Amino acid sequence: MTQKKVAFVTGGAQGIGEATVRRLSADGFAVAIADLNLDGAQKLADELNANGGTAIAIKLDVSDKDAFEAAVDEAAEKFGDFNVIVNNAGLAPTTPVGTVTPEQFDLVTKVNIGGTMWGTQAATRKFRELGHGGKIINASSQAGVVGNPNLMLYCSTKFAIRGITQVAARELASEGITANAYAPGIVKTPMMMDIAHQVAVNAGKDDEWGMGTFSKDIALGRLSEPEDVAAGISFLAGPDSDYITGQTLEVDGGMQFH
Ligand SMILES: NC(=O)C1=CN([C@@H]2O[C@H](COP(=O)(O)OP(=O)(O)OC[C@H]3O[C@@H](n4cnc5c(N)ncnc54)[C@H](O)[C@@H]3O)[C@@H](O)[C@H]2O)C=CC1
Ligand SMILES: CC(=O)C(C)=O
């Protein structure tokens with residue numbers, strides 16, 4: 001039997017991460033689902049395993065560097081290889097200018113920037129140990145391409161993630177390691193529902209109005225499903241993207257063009 005390729009997805013228990021786990025499993029990957037929410041990750045792993053997939057759940061806080069290294073070791077040991085990491089977990093508090101607190105700054109930078117940096121480093125170490133290349137795929141956002149009102153703290157981390165990705169791409173290319181980011185638009189997940197709700201509350205309006213403030217510029221005229229983003233990640237994880245590195249794949253229904 002051909003050995004399955006191995007993917008490691010953070011924040012894989014819900015939203016874009018869950019859709020990505022399902023898509024990569026359907027693509028034939030063995031998938032490690034790493035999330036703070038172990039119950040959610042385990043439920044998804046059980047479902048995939050019961051339906052012919054290969055998955056494990058790992059409890060992980062991506063902001064903990066040592067725990068991240070251990071989680072990558074665990075996945076590689078369980079599956080016998082390690083080929084793709086999707087650094088997807090992130091936090092997105094609503095922070096109009098003037099409202100960011102030091103506590104929010106510490107938490108969100110640790111999870112969004114720290115989690116991506118530790119994931120990039122842990123995966124690179126593992127690819128080197130295994131003596132082969134690999135693919136690093138990081139979650140930026142349309143808010144990491146253009147500044148987005150009400151999301152100052154979040155945007156700063158999503159721009160930073162594109163920086164991490166470009167550095168890794170340049171530095172690691174000679175080792176057969178590629179690094180790319182994906183930039184979703186406005187995706188129907190619990191994160192986006194919370195943001196829309198908070199913006200609406202701040203303006204004294206309803207949630208639909210809140211979502212409308214984000215969705216008005218989508219050329220394709222609809223909000224994104226998590227599966228739209230997972231399809232882009234599937235491309236970045238598969239062989240058709242072998243000659244692509246350092247890029248940000250904007251899966252946003254045409255919110256902005258360059
Ligand atoms: N929903 C959207 O419209 C957009 C989302 N994104 C990005 O896509 C990624 C996924 O977003 P969603 O699925 O919407 O988020 P979500 O909030 O719906 O799900 C995030 C998942 O990450 C997990 N998580 C949170 N903190 C963690 C930590 N410290 N360690 C490990 N796991 C942790 C949560 O338990 C949850 O399962 C994020 O990086 C987000 O910034 C980017 C652009 C748009
Ligand atoms: C959550 C997010 O990335 C947005 C609104 O762009």
Side-chain angles (χ1 to χ4, degrees), residues 8-22 32-44 57-65 67-68 71 85-95 106-119 137-162 164-165 181-199 210-218 222-230 232-233 248-253 255-256:
F8 185 103
V9 181
T10 70
Q14 82 177 26
I16 293 168
E18 176 184 347
T20 300
V21 167
R22 291 183 183 282
I33 309 164
D35 202 294
L36 270 183
N37 173 6
L38 180 60
D39 287 349
Q42 189 62 60
K43 216 169 135 207
L44 180 55
I58 300 176
K59 185 173 174 68
L60 173 65
D61 177 350
V62 296
S63 69
D64 181 337
K65 177 181 183 297
F68 213 139
I85 189 163
V86 184
N87 289 308
N88 168 76
L91 297 176
T94 306
T95 55
D106 285 349
L107 176 65
V108 177
T109 54
K110 272 186 184 156
V111 172
N112 294 9
I113 302 178
T116 305
M117 203 170 298
W118 306 147
I137 304 171
N138 295 330
S140 183
S141 165
Q142 61 88 19
V145 179
V146 170
N148 209 309
N150 298 303
L151 292 173
M152 187 167 78
L153 175 55
Y154 176 74
C155 281
S156 72
T157 66
K158 293 294 166 176
F159 272 77
I161 286 166
R162 292 178 57 224
I164 292 169
T165 305
Y182 54 100
I186 307 299
V187 192
K188 288 191 249 168
T189 69
M191 170 187 281
M192 195 56 230
M193 303 299 174
D194 285 351
I195 294 171
H197 174 70
Q198 200 51 56
V199 168
M211 192 60 94
T213 67
F214 288 96
S215 60
K216 61 182 180 328
D217 294 328
I218 303 173
R222 66 166 175 87
L223 296 175
S224 171
E225 302 294 335
E227 290 74 18
D228 295 317
V229 183
I233 295 170
T248 299
L249 180 60
E250 295 175 38
V251 189
D252 65 2
M255 288 181 79
Q256 58 224 349

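Bear in mind the structure is a predicted one, so any value in this text is a computation, not a measurement. Computed over heavy atoms, backbone and side chain alike; hydrogens, waters and symmetry mates excluded. Both counts, for ligands and for their atoms, begin at 1 and track the order of listing.
Using modelled atom types, one finds no donor on one side chain facing an acceptor on the other under 3.5 Å when comparing Asn148 with Tyr154. No donor-acceptor contact under 3.5 angstrom links the side chains of Thr116 and Asn138, judged on distance only.
The contact shell of ligand 2, taken as protein residues with any non-hydrogen atom closer than 4.0 angstrom, comprises Ser141, Gln142, Ala143, Leu151, Tyr154, Gly185, Ile186, Met192, Ile195, Phe214. Contacts of ligand 1 (protein heavy-atom distance under 4.0 Å) are Gly11, Ala13, Gln14, Gly15, Ile16, Asp35, Leu36, Leu60, Asp61, Val62, Asn88, Ala89, Gly90, Leu91, Val111, Ala139, Ser140, Ser141, Tyr154, Lys158, Pro184, Gly185, Ile186, Val187, Thr189, Pro190, Met191, Met192.
Heavy-atom minimum distance, Met192 versus Val187: CB-O, 2.9 Å. For the residue pair Ala181 and Ser140, the shortest heavy atom distance occurs at CB-CB, 4.3 Å. Considering all non-hydrogen atoms of both residues, Leu151 and Phe214 come closest at CD1-CE2, 4.0 Å. Ala57 approaches Leu38 most closely through the heavy-atom pair CB-CD1, 4.0 Å. Across every non-hydrogen atom of Leu91 and Val108, the tightest pair is O-CG1, 4.0 Å.
When the salt bridge (Lys or Arg N to Asp or Glu O under 4.0 Å) test is applied to Glu227, no partner is found at least two apart in sequence or on another chain. The side-chain hydrogen bond (donor to acceptor under 3.5 Å, both in side chains) test applied to Lys188 returns Glu225, not counting sequence neighbours.
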